[in-house]
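The structure appears below as structure tokens.
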Amino acid sequence: MAHPTALALEFHLVAYKRTWRSSVFSSFALPAMFLVAMGITVGHYIDERSTSIGVPYLDYLGPGLLAATALQVAVGDSTWPVYGGFHWTRVYHVMRASPLTVGDVLRGHLAFVLLRVALSSAGFLVVLLLFGALHSWWALTTPLVAVLVGAACAAPCFAFAARATSDGAFAVLFRVAVVPMTLFAGVFFPVESLPWVARLLAYVSPLWHGVELSRAATLGTATAWGVPAHVAVLAVWCAVGYVLALRSFTRKLGD
Amino acid sequence: MVTTLIFPRAMSRLDHRASGALSVTARNLAAARHAAYWWVLLSGFVEPLLYLLSIGVGVGRLVGDIALPDGRLVTYAQFVAPAMLAASAMNGALAETTMNFYGKLKFMRIYDATLATPITPMQVSVGELIWAMCRGGVYSAVFLVVMAALDLTTWGWALVALPVTLLVGFAFGALGMGLSTLLRSWQDFDYINVTQFGLFLFSGTFSPPSDFPVPLQILIEVTPLYHGVALLRAITTGSPDWTVLWHVAYLVALAVAGLTMASRRMGVLLLK
Amino acid sequence: MAEDEALIAATALVKQFGDFTAVDGIDVRVRAGEAFGFLGPNGAGKSSTMRMIGCVSRPTGGALRILGLDAAKDGAAIRARLGVCPQQDSLDLELTVLENLTVYARYFNIPRKVARARAMELLDFVQLADRAGDKVEPLSGGMKRRLTIARALVNEPEIVLLDEPTTGLDPQARHLVWERLFRLKQRGVTLVLTTHYMDEAEQLCDRLVVMDAGRIVAEGSPRELIDRHSTREVLEVRFGNDPLDGFADKLDGIGERVEVLPDRILVYTGDGDAAAAQVHGRGLTPSSVLVRRGSLEDVFLQLTGRTLVD
Ligand SMILES: Nc1ncnc2c1ncn2[C@@H]1O[C@H](COP(=O)(O)OP(=O)(O)O)[C@@H](O)[C@H]1O
Ligand SMILES: [Mg+2]
């Protein structure tokens, strides 16, 4: 018999069949457009001057956007859908009426979110390949990086969404966390040029570590702090987020 | 006031119509007073500012200076800021007139009750647009203050730019409202979002349209946000010329077309 | 406007949706100060008619004059003088109870101060004054209905349209609504309402039309209709779970007419007790026997061969 977590995952996969088209669109067409608008046209101006980044701007931006996409997909998929699972579709309550445990319900949905993150990053990797932005075989590991970033962001979001009392909070979350991270955590320009407070925030954010890892992989270069350090920070985000999420889910669904 | 003397009847009728539209605006104001919504409203103007700081200032360090259509060199932040302003006017107006309007039209069914009163679909459309303008106007004003404070424009030009942002918002709001009446479900908003994002990226926002191959350049120049960007860029960089009239005409035409379509379609949908 | 002209005058009124005819050429006259009802089952075309009278739906054919104005041309002017309580409560869930009234009043260009005073008064009238500052969502169905009625009164309308005012309410909530509507009637407000409850029609309407499949099949006061299309009393007999088909013959000749329904048999008669005695006299042993007065339900059954609520 299938593992109970897999059963919970399967539920989300079935539902996904109906909506995958539009979600592919937004999880992968949007960053690709960003890549063209910024990487090629603005990149042209940047590459004309010799600047601090040392590689063509497109190649610099590409892996950063890949990590940022993982962030966007992970947060988008673990806020409204989770809140909906409790309040709108109430699928969690339905699942709890079966032999699935709270942990199964949580892990099943989390696995689904990470699968989505992996797929969209793989798709985006192909785009990068077509633009000639990949310079190392290590690039093949970027979906893994994306999944790690996705888990680091999704797990705390699961906890947040389970406790939220209205879905209005998520739009605010995007504005105060997701957008600032995307814009300032090293995706578009090096964090070294940020004032120190902002730089500290970037260092704490999961995205910066993801960007460093992803960029090192596609360019075949070293990271700022060394791979183990970045992975460790992301792992802490994952672990703390998961514990909080499990606690919130247990409180909502009982055990 | 001379007009009031000469056309008293026409004016009083206009008055009556306007007050009808304003009562629709007043409904939104009353709804917005309830707490949860304020957070969303307030946090709205932060986003374009963040873009300005990230792309304009952060990436701007890498880019250096950039040439305006008239050949003058400006910093990249000066170049990008008016585009962000235009995009924020567009996004603000669309947020209110697509998602929110659609929700009120199809889910909350607010207008079913409104249209059972003497209020007409046109008054509903105009009232909603005025509301979107109030919201967008506040965002634009904040953004312009920041621009002037960062020396990205002068206070004088910022003052000129404010009503122009309202025009941009009005045009996009009308367009968005018109399109919303055609949508069948929430899924369709993905198309609006993608289009909106595409316009944001490719309307001469981050680099002049002349950087693109000629066919693309022409395409860019027929899309609406380009006109908002070009218009506001001419103003905030202090270099308006005759072309601004063409941009203004384009946006006015867009507003009229959007409004007409929205009120017609609303009539079809609700007054069956 | 002539003194005796009807407030609402529909002539050969038709409403089609595509090929489907929802209202099929009805003639209606509503006089000032009366409570007028449309009685009919679901799908009869009551709401379609009400929406045309409310000037939110354009007639496909026929003429419709309301308050002496042409519904097709002067919609806004007519709506300004109507109060509408639609079938589905269309309250604004983003506003408070009080705001639902004051905001709505602004649509009629009623000055803010007046609107507020009137709203408070109306909340008193519908017994919701203590909920003025609350959100609408948590209100019970009956409270929402009363709030909708209050909203319909905010412009001091000359005619109030009520589409199924008590459908879906529990008996207690229904009685409260009826009682409020009765007060309105006493004040001389012209009421036009639709219902598929015969008791509601009997309680509230001075005059009514019975509608079925888009047509009017009868018209009159409740009493007139019952006298014309039913008998003074009706005997209802049941025979447990036995199939009833065979009983029609066995009851033949008792009362004026016998109607076999899936679950019971109705015997139309001037004297129910005598009829019941006759039933027993034929050696039949019904599981239950009930004698009641003739009702609009019986009128509808007689006219269409179907029951009102199924
Ligand atoms: N907007 C519409 N489009 C198509 N058919 C409709 C529409 N509104 C009502 N109908 C149809 O018209 C008939 C009468 O509906 P309605 O007037 O709502 O009846 P009632 O209120 O008596 O239940 C029904 O068969 C209904 O399906
Ligand atoms: Mg109905």
Side-chain angles (χ1 to χ4, degrees), chain B residues 12-38 40-41 96 99-101 103-128 130-131 263-264 266-272, chain C residues 15-18 22 47-48 50-58 60 74-96 98-112 115 133-137 147-148 151-152 154-155 157 161 163:
Chain B
S12 94
R13 202 179 304 154
L14 196 67
D15 240 29
H16 204 75
R17 284 201 200 147
S19 87
L22 285 176
S23 64
V24 174
T25 312
R27 180 260 156 209
N28 289 322
L29 195 65
R33 261 191 248 130
H34 301 293
Y37 199 53
W38 271 114
V40 182
L41 284 183
E96 206 45 71
M99 284 282 205
N100 290 357
F101 175 71
K104 288 183 227 168
L105 180 73
K106 296 266 173 94
F107 284 86
M108 297 191 260
R109 306 207 65 105
I110 303 279
Y111 310 126
D112 287 24
T114 315
L115 293 179
T117 72
I119 301 292
T120 61
M122 190 49 140
Q123 286 172 321
V124 171
S125 314
V126 174
E128 285 291 340
I130 293 174
W131 166 244
S263 59
R264 286 239 177 99
M266 209 184 316
V268 171
L269 287 177
L270 299 181
L271 304 178
K272 285 195 269 226
Chain C
K15 181 71 194 182
Q16 291 176 324
F17 297 106
S47 294
S48 305
M50 290 293 257
R51 287 171 50 78
M52 286 190 281
I53 296 174
C55 297
V56 291
S57 167
R58 199 166 266 279
T60 318
D74 303 312
I78 295 170
R79 290 197 301 268
R81 297 162 64 187
L82 296 181
V84 180
C85 179
Q87 184 169 353
Q88 300 285 331
D89 285 323
S90 55
L91 295 168
D92 194 329
L93 302 184
E94 291 189 330
L95 302 178
T96 63
L98 180 65
E99 284 169 344
N100 258 283
L101 302 187
T102 51
V103 164
Y104 200 74
R106 292 293 301 149
Y107 295 150
F108 292 91
N109 212 9
I110 296 168
R112 225 170 284 274
D134 292 5
K135 284 255 166 174
V136 171
E137 185 65 76
L147 181 56
T148 307
R151 193 184 64 182
V154 93
N155 57 326
L161 307 178
D163 197 353

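Sequence lines set the chain letters: A, B, ... in the order given, protein chains first and strands last, and positions in each chain run from 1.
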- Query: Which atoms form the tightest heavy-atom contact between C/Tyr107 and B/Ser23, and what is the distance?
  - Reply: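 Closest pair (atom of C/Tyr107, atom of B/Ser23, distance): CD2-OG, 3.3 Å.
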Self-check item: Exercise: identify the closest heavy-atom pair between B/Ala116 and C/Val56
Solution: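 Minimum heavy-atom separation between B/Ala116 and C/Val56: CA-CG1, 3.8 Å.
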For this session: Hey, could you give me the CD1/CZ distance between B/Ile119 and C/Arg79, rounded to the nearest 0.5 Å?
Result: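 So the CD1 of B/Ile119 and the CZ of C/Arg79 are separated by 9.0 Å.
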Sole residue of B/Arg109, B/Lys104, B/Arg27 in salt bridge (charged side-chain N to carboxylate O under 4.0 Å, His left out) with C/Asp92: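 Of B/Arg109, B/Lys104, B/Arg27, salt bridge (charged side-chain N to carboxylate O under 4.0 Å, His left out) with C/Asp92 is met by B/Arg27 alone.
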Option in B/Leu22, B/Asp112, B/Ile110 with maximal non-hydrogen atom pairs under 4.5 Å from chain C: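 So the answer, after comparing B/Leu22, B/Asp112, B/Ile110, is B/Ile110.
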Chain C interface, residue from B/Thr120, B/Thr114, B/Thr117 that has the most non-hydrogen pairs under 4.5 Å:
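The answer is B/Thr117.
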Using atom types as modelled and distance alone, determine if a side-chain donor or acceptor of C/Arg58 lies under 3.5 Å from a backbone N or O of B/Leu271.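 Checked: no pair found.
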_Region of C/Thr96 in contact with chain B, defined by heavy-atom distances below 4.5 Å_ =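 Both backbone and side chain.
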### Task
For each of C/Thr148, C/Leu95, C/Val103, tally heavy-atom pairs with chain B at distances under 4.5 Å, and name the one with the top tally.
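Looking at each option in turn, the highest pair count goes to C/Leu95.
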>> At a heavy-atom distance under 4.5 Å, which candidate from C/Arg106, C/Lys135, C/Glu99, C/Arg151 has the highest pair count against chain B?
In response: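 Of the options given, most contacts go to C/Glu99.
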